[in-house]
Amino acid sequence: MAASLQLYGVQTPGLALSSKRLEFGTKGICNFSVTPTSSSAIFRTVEHSCRNTPLRVSCEAARVDLIERKQTETRSVSGTGKELTCVMKFGGSSVESAERIKEVANLILSFPDERPVIVLSAMGKTTNKLLKAGEKAVTCGVTNVESIEELSFIKELHLRTAHELGVETTVIAQHLEGLHQLLKGISMMKELTLRTRDYLVSFGECMSTRLFSAYLNKIGHKARQYDAFEIGFITTDDFTNADILEATYPAVSKTLLNNWSKDKAVPVVTGFLGKGWRSCAITTLGRGGSDLTATTIGKALGLREIQVWKDVDGVLTCDPNIYSGAQSVPYLTFDEAAELAYFGAQVLHPLSMRPARDGDIPVRVKNSYNPNAPGTVITRSRDMSKAVLTSIVLKRNVTMLDIASTRMLGQYGFLAKVFTTFEDLGISVDVVATSEVSISLTLDPAKLWGRELVQRANELDHVVEELEKIAVVKLLQRRSIISLIGNVQKSSLILEKVFKVLRSNGVNVQMISQGASKVNISVIVNDEEAEQCVRALHSAFFETSF
Ligand SMILES: Nc1ncnc2c1ncn2[C@@H]1O[C@H](COP(=O)(O)OP(=O)(O)O)[C@@H](O)[C@H]1O
Ligand SMILES: N[C@@H](CC(=O)OP(=O)(O)O)C(=O)O
């Protein structure tokens, strides 16, 4: 029967689709017609009986992810029309040198049927170097700014890159001069506020995008550079950790689509940056924030796919810096990916899944150093029937509080009082386990550790002081949260194995929480035991059969 239902199939880039038949679980096989592009294929003419079958199928040679869509949907379709099709974000590691920039440009051009919006981070470790330069400027004295090592490094890197790409250094000259002047200003003022910090790091993305766009133009591929803070990325005024405001979506969509309709130049947008809605100053979205820029653009423009290109083969079963044998995870849901990112997997920005989930736009995590690897596809749902554990994530240097009520059992309002204290002090809580008269919880280190050392110590003292009015409080520092992202429906199976592994490694779990999350079980251990635990758990779950 001809198409009563349309499926979008997103084919693994770089792999040929050798079969024109799809197997739909037990519902049989059906033929499909393909509109191939180099990175995707659209499947039509699917039989009626497939309507309720699992959406993910495997196809010979290529892995294919299917996402059911109604025919009436207006989302842009790859290979037809002239609209922008996807967003491709490249992180600092993907654009760390002229050679890498050329490879990324080739990679983009190898998908001739895609019309992507490009989002870039700063080159390599530029953001870290800018922050270091700023810190040195505070104390070095105006006459010594010239000799800040990190400033020389950044200048040399960007000028050399311009030369090696064969583009005019004028595209970044003003920014290099502006950076120099800003560091002089910081050294005169002898202070580096959060607002100035954001302005300082913005130079990284402003320069990488200018170089990249100039290079695309030079090789005959029309491109146009955009500063996110000029095209409608409106944020809160929380400098260094700003959040995107709703107004961003229509504004960004209007600017990019209007310009695209007049002139088909590839948009190259600065990741990580926004503009505070009150201050009108440049803000940043928190470290790794370019992922969030990419998903925001994906949602704003209703694109077909969001690709985030990294230096690893997608989301892995654990941090490869902890265990080099970590394996790539082929499929994740938005909820799993969000939990994984929130609980410490550096690979994705903690808030980046939100726009993708709202817009129901698949996110593909790919390796720019190994484009043929299938990577990870993140969608609203996936077949969980065989899933047990998906990934193990570690969040270090967490502060834990054991709070026991000084009143007798049956007193109401205890939990409310505890959480009101945190609300009043503006401190967010990560993992919680409770009984009627006691509560154990961990404090979000990203929020707490973002503050100055003295302020942080004062705040912890203040928290304890407030809570001691109603409870006996034990402050436990240097703990780690090990988050087990997986199928919580199988929690008994997971926990049985976790406790066996931890016991055989002589590790005592200090707190455990499954909570309302359907995808995460967290255990708290001492910092110094944590990496060893992750390796042992990885070996038990991913390297031995159940
Ligand atoms: N679970 C994980 N899966 C993949 N990478 C991880 C994971 N945990 C930590 N990482 C680290 O995240 C890095 C990629 O994230 P990031 O440096 O932010 O990329 P980019 O700068 O390219 O956006 C990897 O190089 C890897 O070391
Ligand atoms: N350059 C910023 C933003 C970013 O997203 O970087 P990356 O994509 O390299 O993690 C940072 O270092 O935080």
Side-chain angles (χ1 to χ4, degrees), residues 87-96 100 104 118-132 154 197-198 200-209 228 233 240-242 269-274 282-296 306-330 332 336-352 363 365-370 373 375-376 378 389-396 446 450 482-486 531 534 537-538 542:
V87 56
M88 292 181 171
K89 177 256 165 168
F90 295 90
S93 57
S94 298
V95 291
E96 67 187 12
R100 289 297 306 154
V104 165
I118 308 298
V119 173
L120 295 187
S121 301
M123 290 180 71
K125 300 272 175 242
T126 299
T127 307
N128 288 351
K129 299 258 182 215
L130 285 165
L131 286 169
K132 193 83 199 147
I154 291 165
R197 221 177 265 242
D198 276 356
L200 175 65
V201 292
S202 74
F203 284 86
E205 272 71 10
C206 288
M207 291 195 287
S208 66
T209 47
F233 271 82
T240 73
N241 207 12
V269 184
T270 56
F272 184 47
L273 309 177
I282 293 176
T283 55
T284 61
L285 308 175
R287 295 306 303 269
S290 303
D291 296 339
L292 179 56
T293 308
T295 53
T296 301
I306 297 158
Q307 299 173 5
V308 284
W309 292 80
K310 307 264 166 184
D311 59 349
V312 279
D313 287 348
V315 176
L316 305 179
T317 44
C318 76
D319 183 342
N321 302 302
I322 296 176
Y323 179 57
S324 58
Q327 303 149 20
S328 145
V329 176
L332 281 174
E336 287 174 310
E339 204 88 2
L340 201 132
Y342 183 77
F343 280 97
Q346 191 206 330
V347 66
L348 291 169
H349 181 276
L351 299 181
S352 59
V363 176
V365 185
K366 294 275 296 170
N367 189 351
S368 70
Y369 289 79
N370 183 19
T376 301
I378 308 169
L389 201 69
T390 309
S391 190
I392 305 170
V393 184
L394 178 60
K395 202 172 196 174
R396 297 181 184 83
I482 297 178
S483 295
L484 303 152
I485 312 296
E531 291 204 359
V534 172
L537 289 168
H538 193 279
F542 298 109

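Just the heavy atoms: all of them, side chains too, but no hydrogens, waters or symmetry mates, feed the values below. Every number for a ligand or one of its atoms is a count from 1 in the order of the listing.
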Protein contact of atom 20 (P) of ligand 1 - nearest heavy atom, named by residue and atom, plus distance: Gly91 CA, 3.7 Å

So is Gly271 in contact with ligand 2, going by heavy-atom distances below 4.0 Å? no

The protein heavy atom nearest to atom 19 (O) of ligand 1 is Lys310 CD, 3.4 Å

Could you find the nearest protein heavy atom to atom 16 (P) of ligand 1 and give me its residue, atom name and distance? Gln346 NE2, 3.7 Å

Look at atom 4 (C) of ligand 1 and find which of Ala345, Gly92, Ser328, Gly314 reaches it with the closest heavy atom. Gly314

Would you check if the side chain of Glu205 reaches a backbone N or O of Ser121 as a donor-acceptor pair within less than 3.5 Å? no

With a cut-off of 4.0 Å, which atoms of ligand 2 are near a heavy atom of Gly92? 7 (P), 8 (O), 9 (O)

With a heavy-atom distance limit of 4.0 Å, tell me whether Asp319 approaches ligand 1 through its side chain, its backbone, both, or neither. both

So is His349 in contact with ligand 1, going by heavy-atom distances below 4.0 Å? no

Supply the atom-to-atom distance Leu316 CG to Tyr323 OH, rounded to the nearest 0.5 angstrom. 12.5 Å

So between Gly288, Ala294, Ser208, Gly204, whose heavy atom ends up nearest atom 10 (O) of ligand 2? Gly288

Tell me the closest heavy-atom pair linking Leu348 and Ala337, and the distance in Å. CD1-CB, 4.2 Å

His349 to ligand 2, any heavy atom closer than 4.0 Å: no

Is it true that a side-chain atom of Lys129 and a backbone atom of Ile154 form a donor plus acceptor pair closer than 3.5 Å? no

Side chains of Phe233 and Thr293, heavy atoms from C-beta outward: is any pair under 4.5 Å? yes

Nearest protein heavy-atom contact for atom 13 (C) of ligand 1: which residue, which atom, what distance? Asp311 OD1, 4.0 Å

Can you list the ligand 2 atoms lying under 4.0 Å from a non-hydrogen atom of Arg287? 11 (C), 12 (O), 13 (O)

Please state which option from Leu394, Leu348, Asn321 has its nearest heavy atom closest to atom 27 (O) of ligand 1. Asn321

Give the residue, atom name and distance (to 0.1 Å) of the protein heavy atom nearest atom 6 (O) of ligand 2. Ser121 OG, 3.4 Å

Is Gly289 near ligand 2, meaning one of its heavy atoms is under 4.0 Å from it? yes

Identify, for atom 26 (C) of ligand 1, the protein heavy atom at the shortest distance, and state residue, atom and that distance. Pro320 CG, 3.7 Å

Protein heavy atom at shortest distance from atom 1 (N) of ligand 1: Leu316 O, 3.3 Å

Short side-chain donor-acceptor distance under 3.5 Å, Thr284 and Asp198: yes

min-distance protein heavy atom vs atom 22 (O) of ligand 1 -> Ser93 OG, 3.0 Å

Is there a donor-acceptor pair closer than 3.5 Å between any side-chain N or O of Lys395 and the backbone N or O of Tyr342? yes

So, Ser368 versus Arg100: side-chain donor-acceptor pair below 3.5 Å or not? yes

Val393 and Ile485, any side-chain heavy atoms less than 4.5 Å apart: yes

Ignoring hydrogens and angles, tell me if any N or O in the side chain of Thr209 forms a donor-acceptor pair with the backbone of Thr270 under 3.5 Å. no

Side-chain (His538) to main-chain (Ile322) donor-acceptor, under 3.5 angstrom: no

Is it the side chain (CB and beyond), the backbone, both or neither of Ser290 that lies under 4.0 Å from ligand 2, heavy atoms counted? both

In terms of heavy-atom contacts, Val95 and Ala122 come closest through CG2-O, 4.2 Å

Please state which protein non-hydrogen atom is closest to atom 5 (N) of ligand 1 and give its distance, to 0.1 Å? Val347 CB, 3.4 Å

Please check this pair: side chain of Thr317 against backbone of Gln327, looking for a donor-acceptor N/O pair closer than 3.5 Å. yes

Enumerated ligand 2 atoms positioned under 4.0 Å from heavy atoms of Lys89: 8 (O)

Mind checking whether Glu205 contacts ligand 2 via backbone (N, CA, C, O), side chain (CB onward), both or neither, at a 4.0 Å heavy-atom cut-off? side chain

Under 3.5 Å between some N or O of ligand 1 and some N or O of Asp291? no

For the CG atom of Leu394 and the CG atom of Leu537, what is their distance to the nearest 0.5 Å? 10.5 Å

